[in-house]
Each structure stands twice: as structure tokens, then as C-alpha cells.
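A quick write-up on the structure given underneath.
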Amino acid sequence: DFVSYGQALFSVYAKSQQFDKAVAVGEDLVSRFPVDDRNYRPLIDLYAHMGNKKKVLETYEKWETIVGLDEVIYNKISFYQENFPQNKAKKMSLVDFRHLLEQSNNDIAVQTLIGDYYLAVGDEKKALSIYNQLIEKYPKNGIPYLSLYTYYDDAKNDSVQAIEMLKKAMQDKSIPYSSFSDGVLQHLSGLVQNKNYEEAERFMQLVRQNFGDEAEVCNLSARLCFEQKKIAEAVDYARTVIDFKPDNEASWSFLGSIYAAENNDTALYEIAQEAELLFPLSEEWQYYKMIYYLRHEMNDSLIALTDHVVKTLPATPNATKLKADMLSTTASVLWEQKKTKDAFAALDKAIELNPNDAMTLNNYAYFLALCDTNLDKALTMIEKSLKIDNKQANSLDTYAYVLFKKGDYRSARFFMERAINMAEKEDKLKYAEHLGDILFHLDDVEGALTQWKIALEASEEPSEILKKKIETKTYIPDSKIIIE
């Protein structure tokens with residue numbers, strides 16, 4: 001590609017301040033490839049840097065013949081304002097605007113641009129006069145109203161007048177919605193923030209009347225309905241957005257978030273299955289499926305899903321965290337299935353992926369303590385977990401239990417009592433049996449009995465070992481769990 005080579009050579013000369021050589025290359029590119037508009041901007045910038053205004057203007061004229069005045073007029077006006085006295089820059093700009101008007105047969109968009117120019121250079125009176133004349137002549141054309149919207153919103157900070165102009169501009173269906181989208185979003189966000197839902201609904205009705213088939217409008221309608229807890233309507237609008245743009249994952253995500261907020265597991269699972277077909281490498285849909293399997297105790301499905309996610313999802317930060325979370329969750333399921341070896345293997349992999357997850361470290365330490373094995377490793381893990389997050393009663397319980405297993409009963413009592421003080425009411429009762437075991441080893445048999453009885457009353461299905469402790473008034477160790 002000779003053009004690419006020439007542009008690279010031009011850049012080398014320009015950066016090394018060999019301006020004559022750079023100009024020669026640039027002029028050669030413009031001469032030999034006049035229709036390639038990539039060649040003009042660098043040459044213009046170089047002439048401007050060299051202070052050669054005449055050559056800048058000549059190059060702009062050449063560029064203009066290729067792409068049209070409408071494509072370069074803003075660049076030219078910016079150059080005028082930066083390099084010429086204000087009055088001369090204004091005269092030069094208006095000459096270009098008159099030429100553009102002639103070329104466009106007095107197009108209203110160009111006439112409005114002239115008003116915008118006057119506004120930009122501080123001649124507010126002239127700008128407003130142009131806008132109002134255009135509105136009087138073309139009352140149904142929205143372009144002047146759009147400029148007035150910007151004027152009232154930015155220059156005057158008059159939101160009431162600005163929105164009135166925006167509403168009038170939106171009556172012109174020939175203007176694409178993209179011209180209004182920022183203003184619509186800004187106004188709607190303000191109304192929602194102030195919980196003015198009635199006015200927000202009226203405003204969105206007007207927007208839908210003119211742009212109801214726009215995906216972005218349906219998306220705003222869905223979010224407004226969701227904000228007002230109108231779930232069925234929010235779902236309908238969100239589904240419409242997906243129908244418009246099925247490959248837009250953000251639309252699927254929003255629909256999923258509606259179902260998630262409503263705890264509608266079944267609908268969320270169905271959405272996840274649909275979306276997964278379109279976005280197989282996205283972690284969001286695997287997460288929703290994981291939640292569904294957990295809540296519905298579909299343990300085999302959860303284990304299979306975890307294996308699939310670990311093998312197929314890319315090594316992005318979010319996917320890696322999900323893999324670690326799923327492995328940690330699956331480890332607990334495998335533990336309940338008495339597949340202890342597989343549970344530890346899952347925990348090892350989870351920690352490899354996310355070595356600083358406090359809950360995974362806590363679970364690993366607790367499982368080791370239950371197995372009464374490798375207690376030094378268990379202690380290291382629970383201490384690391386507490387350094388990451390020391391505000392979880394569950395972790396303090398594990399710490400106390402590991403210390404108990406290691407024979408440090410006084411420290412175990414201290415941390416178990418802290419866990420109970422920190423815990424919610426139902427968890428306080430859950431920790432009572434552990435505290436009873438510790439108290440017994442501190443020769444406080446009555447205290448141990450009191451805690452065991454609390455645990456017995458709180459448990460829906462108390463273990464036979466707990467009953468035996470109370471009956472015999474003595475500590476009975478749990479059966480040692482074998483890793484297999």
C-alpha cells in the first residue's frame with residue numbers, strides 16, 4: 001500500500017522536524033491520490049505548525065473539493081478562530097456558510113448551523129433571531145428547536161424551557177432518535193431521581209409516540225417500569241428490546257436482573273439457558289444457573305456445570321472469580337455427599353484461582369478440623385481468612401474449632417465467645433455445641449451441659465452424639481471423617 005508507506009514516511013519526517021521533506025511527501029500524496037481524504041489532515045496540521053496559513057487554506061480548498069464543504073467547514077472555522085482576528089475570522093466563516101447554503105439550496109439545517117455559529121461566537125441576539133425566523137417559517141421542523149434546547153440547557157441552565165424545546169423538536173419524526181437520546185436520558189434520569197414518576201410516564205409516552213420502535217426507547221420504558229415495580233410491563237418492554245437486538249447482551253442482562261430482583265428462579269433459569277446459546281463464554285448466565293441448581297438442590301447438575309465452566313470459560317478476571325466461587329460451592333456439595341477427596345480437590349483448585357477468598361479459606365480450614373488432620377495447615381488458612389475479613393462470626397467459630405482441635409482450649413473459648421457475641425440469633429444457637437465442647441475441656445461441666453442443651457433445643461434434627469453428651473455429661477468426639 002503506497003499510501004500507507006507515504007503516510008509513514010511523512011510522519012517520520014515531521015517528527016524529526018525535517019519539514020521540507022515532510023511537505024514534499026504530503027503534497028505528493030495529495031497530488032497522486034486526491035480522492036484519498038486521509039492525506040489532507042496531516043498536511044494541514046503540518047502547515048499550521050509551520051505557521052503557513054496560506055498553505056493551510058489552499059489544502060482545505062483541495063480537501064473540500066473531494067469531500068464537500070459540509071465535511072470540512074467546522075475544521076475550517078476552528079482554524080479561522082485560532083489564527084485570525086475575531087472580525088476577520090467571523091467574515092471568513094460566514095463566507096463559507098453562504099457557500100454551504102448555496103450548495104444545499106438554503107437547507108434549514110445549514111441555516112440553523114449559522115445560528116449555532118453566532119451563538120458560539122457570543123452573538124446571542126443574532127442566533128435567537130435566526131432560530132425564531134426559522135421556526136416561524138418552518139414550524140414543524142425540529143432542527144431549530146434542537147438548537148434552542150441546547151441553548152436553554154447549556155447557556156441558560158433553564159431546564160423547563162429546554163425540555164419544552166426538546167418536546168417540540170421530537171414532533172419532527174424525520175430527525176433520528178439519536179439526536180434526542182442524550183436529552184431524553186438526562187431529563188428522564190432527573191425525574192426518576194426525584195421520584196416524579198407521573199411526569200416521567202407522561203414524558204415517555206411522548207417519546208414512544210414518535211420513537212416507539214427504537215430499541216433504546218423500549219429499554220428506557222423497561223427501566224422506568226422496573227423502577228416503579230411494574231414488573232410485568234418491564235418484562236414486556238425488555239423482551240421487545242431483545243427482539244430488536246438479540247445480540248445485545250446488555251438487554252438480556254437487564255431482563256435477567258428483573259427476574260433476579262423478583263427472586264423468580266424459574267424465569268431467570270430459562271433466560272440463562274436462552275442467553276447462554278448466544279453468549280456461551282459469558283459468566284453471567286452460568287452464575288444464574290448455579291444459583292438455580294443450588295436453590296433447587298440439583299447437586300449433580302451443579303457439579304457438572306462447575307466442571308463445564310472451569311474447562312470452557314476464558315481466563316478473564318470475572319470468569320476466574322466465578323470459577324473459584326463455583327468450585328468452592330461445589331466443594332460444600334461434595335462434602336455433604338461424603339466425597340471428601342473430591343471436595344478438597346475442588347477447594348485446592350478454588351484457592352489456586354482465588355487465593356484470597358476468605359470464605360473458601362474458612363471452609364477448607366473447617367473441613368480439615370472435622371477430619372482432625374493437618375491442623376497446622378487449617379490454622380494457617382483460617383488466620384489468613386480472618387486477616388482478609390474478621391467480621392464474620394462463622395470464621396471466628398472455625399478459628400475457635402481449629403484451636404480446640406489443637407488443644408488450645410482457653411484461646412478457643414475466647415474466640416468462640418466472640419463468635420457467639422457477633423452472630424445473629426439463630427447462629428448463636430448453632431455455635432452452642434462447640435462452646436460446650438470447649439467448656440468441658442476446661443473442666444466446666446455445668447457450663448458445657450448448659451450449652452449442649454441450648455444446642456439440643458435449637459436443633460431440628462439433633463445428632464445422637466449430642467444427645468449422648470447430655471445423657472452422660474461427658475464430651476464425646478465426633479466420628480473422624482476419612483478423606484476418601
Side-chain angles (χ1 to χ4, degrees), residues 219 222-223 226 238 241-242 245-265 267-296 298-299 301-335 342-368 377-378 380-392 394-395 398:
N219 183 47
R223 293 177 185 276
F226 183 58
V241 176
I242 288 173
K245 296 182 176 180
D247 59 343
N248 185 333
E249 190 173 5
S251 302
W252 289 89
S253 295
F254 178 61
L255 181 57
S257 69
I258 295 175
Y259 289 133
E262 293 298 301
N263 290 316
N264 190 336
D265 289 350
L268 186 56
Y269 178 67
E270 290 172 354
I271 282 293
Q273 286 187 303
E274 285 186 73
E276 183 187 11
L277 297 175
L278 294 167
F279 316 104
L281 299 181
S282 173
E283 62 272 2
E284 179 176 6
W285 314 113
Q286 311 301 338
Y287 172 77
Y288 286 144
K289 289 172 70 175
M290 176 187 75
I291 296 300
Y292 182 82
Y293 292 147
L294 272 174
R295 290 179 178 173
H296 293 266
M298 298 171 65
N299 293 334
S301 296
L302 175 62
I303 293 169
L305 176 67
T306 300
D307 184 61
H308 168 74
V309 166
V310 169
K311 289 178 178 177
T312 62
L313 259 60
T316 63
N318 286 342
T320 299
K321 183 179 184 307
L322 176 64
K323 291 175 186 180
D325 290 347
M326 291 184 71
L327 284 162
S328 183
T329 302
T330 298
S332 297
V333 171
L334 291 165
W335 185 269
D342 291 340
F344 280 117
L347 286 170
D348 282 329
K349 184 64 176 176
I351 290 174
E352 178 186 333
L353 293 171
N354 187 4
N356 295 313
D357 185 79
M359 188 55 65
T360 301
L361 292 164
N362 171 77
N363 290 348
Y364 205 129
Y366 189 64
F367 290 167
L368 286 173
K377 181 178 182 179
T380 299
M381 285 191 162
I382 190 58
E383 286 176 344
K384 182 177 181 181
S385 174
L386 285 167
K387 285 180 181 178
I388 296 167
D389 182 359
N390 63 3
K391 301 187 184 305
Q392 301 298 323
N394 190 44
S395 298
T398 297

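These numbers were taken from a predicted model, which means no experiment stands behind them.
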### Message
My understanding is that only residues two or more places apart in sequence, or in another chain, count here; which of them pass salt bridge (charged side-chain N to carboxylate O under 4.0 Å, His left out) with E352?
### Response
K349
### Message
Side chains of I382 and Y364, heavy atoms from C-beta outward: is any pair under 4.5 Å?
### Response
no
### Task
Taking the side chain as every heavy atom from C-beta outward, state whether L278 and E249 have any atom pair closer than 4.5 Å.
no
### Query
Taking side chain as C-beta onward, heavy atoms only, is T360 less than 4.5 Å from N354?
no
## Note on the structure
OG of S332 to OH of Y366, rounded to nearest 0.5 Å, is 11.5 Å
### Task
To the nearest 0.5 angstrom, please state how far the CG atom of D265 sits from the OH atom of Y288.
11.5 Å
### Query
Which value, rounded to the nearest 0.5 Å, describes the distance between M326 atom CE and I303 atom CD1?
11.0 Å
### Query
Is there a side-chain contact between K384 and P355, using heavy atoms and a 4.5 Å cut-off?
yes
### Query
Does Y287 have any ring-ring contact (aromatic ring centres under 6.0 Å, His included) partners at least two apart in sequence or in another chain, and if so, which?
none
### Query
Which word best sums up how the rings of W335 and F367 line up, parallel for under 30°, tilted for 30 to 60°, or perpendicular for over 60°?
parallel
### Query
Can we call the ring centroids of Y269 and Y259 under 6.0 Å apart?
no
### Test item: side-chain donor near acceptor, T398 and N362, under 3.5 Å
yes
### Task
Could you list the residues that satisfy salt bridge (charged side-chain N to carboxylate O under 4.0 Å, His left out) with K311, not counting sequence neighbours?
D307
### Message
Are the side chains of M359 and D389 in contact, using a 4.5 Å heavy-atom criterion?
### Response
no
